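What follows is a short report on a single structure.
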Amino acid sequence: MLQLTQLSVRLTGQTVLHGLDLASGPQGSITCLLGPNGCGKSTLLRTLAGQLAYGGSIRHASQPDWQHRYGTLPAKVAWLPQDCGSNSRLSAVEVVLLGKLQTLGWRVPAQLQQQARQQLAQLGLSAVAQQPLCQLSGGQRQMVFLAQALMREPSILLLDEPISALDLQHQQQVLALIEQQTRQRNMLTIMVLHDLNAARRYSQHCWLLQQGRVLVAGATAEVMTPALLSQLYHTPISSITADDGFALFYHGRHAQPA
Ligand SMILES: Nc1ncnc2c1ncn2[C@@H]1O[C@H](COP(=O)(O)OP(=O)(O)OP(=O)(O)O)[C@@H](O)[C@H]1O
């Protein structure tokens with residue numbers, strides 16, 4: 001579990017995150033970060049990834065030796081940024097192998113190449129494994145970088161809008177893979193999403209941010225209510241219950257029975 005205490009971030013003289021006190025879910029679970037555009041979600045994720053200077057503290061509750069500091073991606077952390085734009089001529093499989101950069105030498109062991117190909121195969125990308133990244137679509141690139149993040153075999157996985165460029169079928173495929181890998185590898189996954197229904201279905205814990213402050217945080221089932229989401233986004237949000245018991249959120253007021 002990550003414990004953030006009084007976490008503050010200033011960017012070019014402006015305070016963007018204002019003293020956040022937050023706890024993630026435990027290892028093996030997914031925490032979702034929700035909130036309107038500009039509320040500070042990416043800033044928070046970049047801070048966790050060691051990319052921004054901050055005040056306050058970031059600790060790992062069950063690993064007291066784990067150190068977090070500005071300037072380096074912390075050990076055992078993988079981060080998928082929001083913008084995966086890249087014109088690299090490296091092939092997809094080479095980009096995935098970069099997830100193992102620290103252990104790569106002049107020769108890439110066959111077992112690592114196999115592992116990289118498997119990561120791509122799990123995302124349905126085997127056919128483009130040898131294609132240069134610059135010749136892939138935006139959605140394919142997003143999945144290649146997700147494969148690279150998983151290749152690092154992190155214990156904390158930070159994902160900034162990992163399905164933003166994907167069609168509905170690929171969204172489900174990617175979220176199911178993230179869920180399965182989070183459990184199987186006992187990772188802690190922290191994920192920014194704009195899709196409320198995906199967040200409800202795939203996360204166990206939720207942080208709701210508003211203008212750089214915590215509106216509410218806790219178990220997803222308790223936090224993701226129409227009332228709190230309407231307050232968060234300043235617009236009416238209602239829900240119905242799907243066949244599988246999950247809430248399905250939609251924009252608008254719940255129709256009154258006739
Ligand atoms: N380099 C910067 N200097 C000053 N302010 C910045 C800088 N980068 C971002 N901001 C501001 O910080 C705030 C938070 O930005 P951030 O990208 O974290 O929002 P977000 O919640 O991820 O938004 P979105 O959902 O649109 O991706 C915004 O108001 C933004 O204008």
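Order of appearance sets the numbers: ligands from 1, and atoms from 1 within every ligand. We're numbering straight along the sequence, starting at 1. Note that the structure is a prediction, hence the values are computed from the model and not measured.
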Lys/Arg-Asp/Glu bridge criterion (N-O < 4.0 Å) met for E179, R201: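 Result for this pair is no, no salt bridge flagged.
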
Verify whether one side chain among [X] and [Y] offers a donor that lies under 3.5 Å from an acceptor in the other.
{"X": "H205", "Y": "T220", "answer": "no"}
{"X": "S42", "Y": "Q82", "answer": "yes"}
{"X": "Y202", "Y": "Q172", "answer": "yes"}

Any atoms of ligand 1 less than 4.0 Å from a non-hydrogen atom of [X]? List them with their elements.
{"X": "N37", "result": "23 (O), 24 (P), 25 (O), 26 (O)"}
{"X": "Q82", "result": "27 (O)"}
{"X": "G40", "result": "14 (C), 18 (O), 19 (O), 20 (P), 21 (O)"}
{"X": "C39", "result": "19 (O), 21 (O)"}
{"X": "T43", "result": "14 (C), 15 (O), 16 (P), 18 (O)"}
{"X": "H194", "result": "25 (O)"}
{"X": "E161", "result": "27 (O)"}
{"X": "S42", "result": "17 (O), 18 (O), 20 (P), 22 (O)"}

Nearest heavy atom to atom 7 (C) of ligand 1 wins, so pick from V16, L11, V9.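 Residue with the shortest heavy-atom distance to the ligand atom: L11.
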
Answer with yes or no whether R46 contacts ligand 1, where contact means a heavy atom under 4.0 Å from a ligand atom.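 Under 4.0 Å: no for R46.
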
Quick one: does G35 get a heavy atom under 4.0 Å from ligand 1?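 It does not, in that no heavy atom of G35 comes within the 4.0 Å cut-off of ligand 1.
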
How about S239 and P226: do any of their side-chain heavy atoms sit closer than 4.5 Å?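 Touching, per the 4.5 Å side-chain cut-off.
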
Considering only protein heavy atoms, which is closest to [atom], and at what distance to one decimal place?
{"atom": "atom 14 (C) of ligand 1", "answer": "G38 O, 3.3 Å"}
{"atom": "atom 3 (N) of ligand 1", "answer": "T12 OG1, 2.7 Å"}
{"atom": "atom 25 (O) of ligand 1", "answer": "K41 NZ, 2.8 Å"}

Rounded to the nearest 0.5 Å, what separation is found between the CG atom of L2 and the CD1 atom of I58?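 If we round to the nearest 0.5 Å, L2:CG and I58:CD1 are 7.5 Å apart.
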
Under the side-chain hydrogen bond (donor to acceptor under 3.5 Å, both in side chains) definition, can you give me all pairs with a residue in residues 22-32, not counting sequence neighbours?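 Every pair satisfying side-chain hydrogen bond (donor to acceptor under 3.5 Å, both in side chains) with a residue in residues 22-32: Q27-H60.
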
Please check if the number of heavy atoms outside Q14 that lie under 6.0 Å from its CD is greater than 12.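 Count not over threshold, so no.
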
Determine, counting only non-hydrogen atoms of the protein, whether one lies under 4.0 angstrom from atom 30 (C) of ligand 1.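 No, there is no protein heavy atom closer to it than 4.0 Å.
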
Atom 18 (O) of ligand 1 within contact range, any protein heavy atom under 4.0 Å: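 Given the 4.0 Å cut-off, atom 18 (O) of ligand 1 counts as touching protein heavy atoms.
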
Quick one: are the ring centres of Y233 and H194 less than 6.0 Å apart?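 Ring centroids of Y233 and H194 are no less than 6.0 Å from each other.
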
Backbone of R200 reached by a side-chain donor or acceptor of S203 within 3.5 Å: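 No, because the side chain of S203 does not come within donor-acceptor range (under 3.5 Å) of the backbone of R200.
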
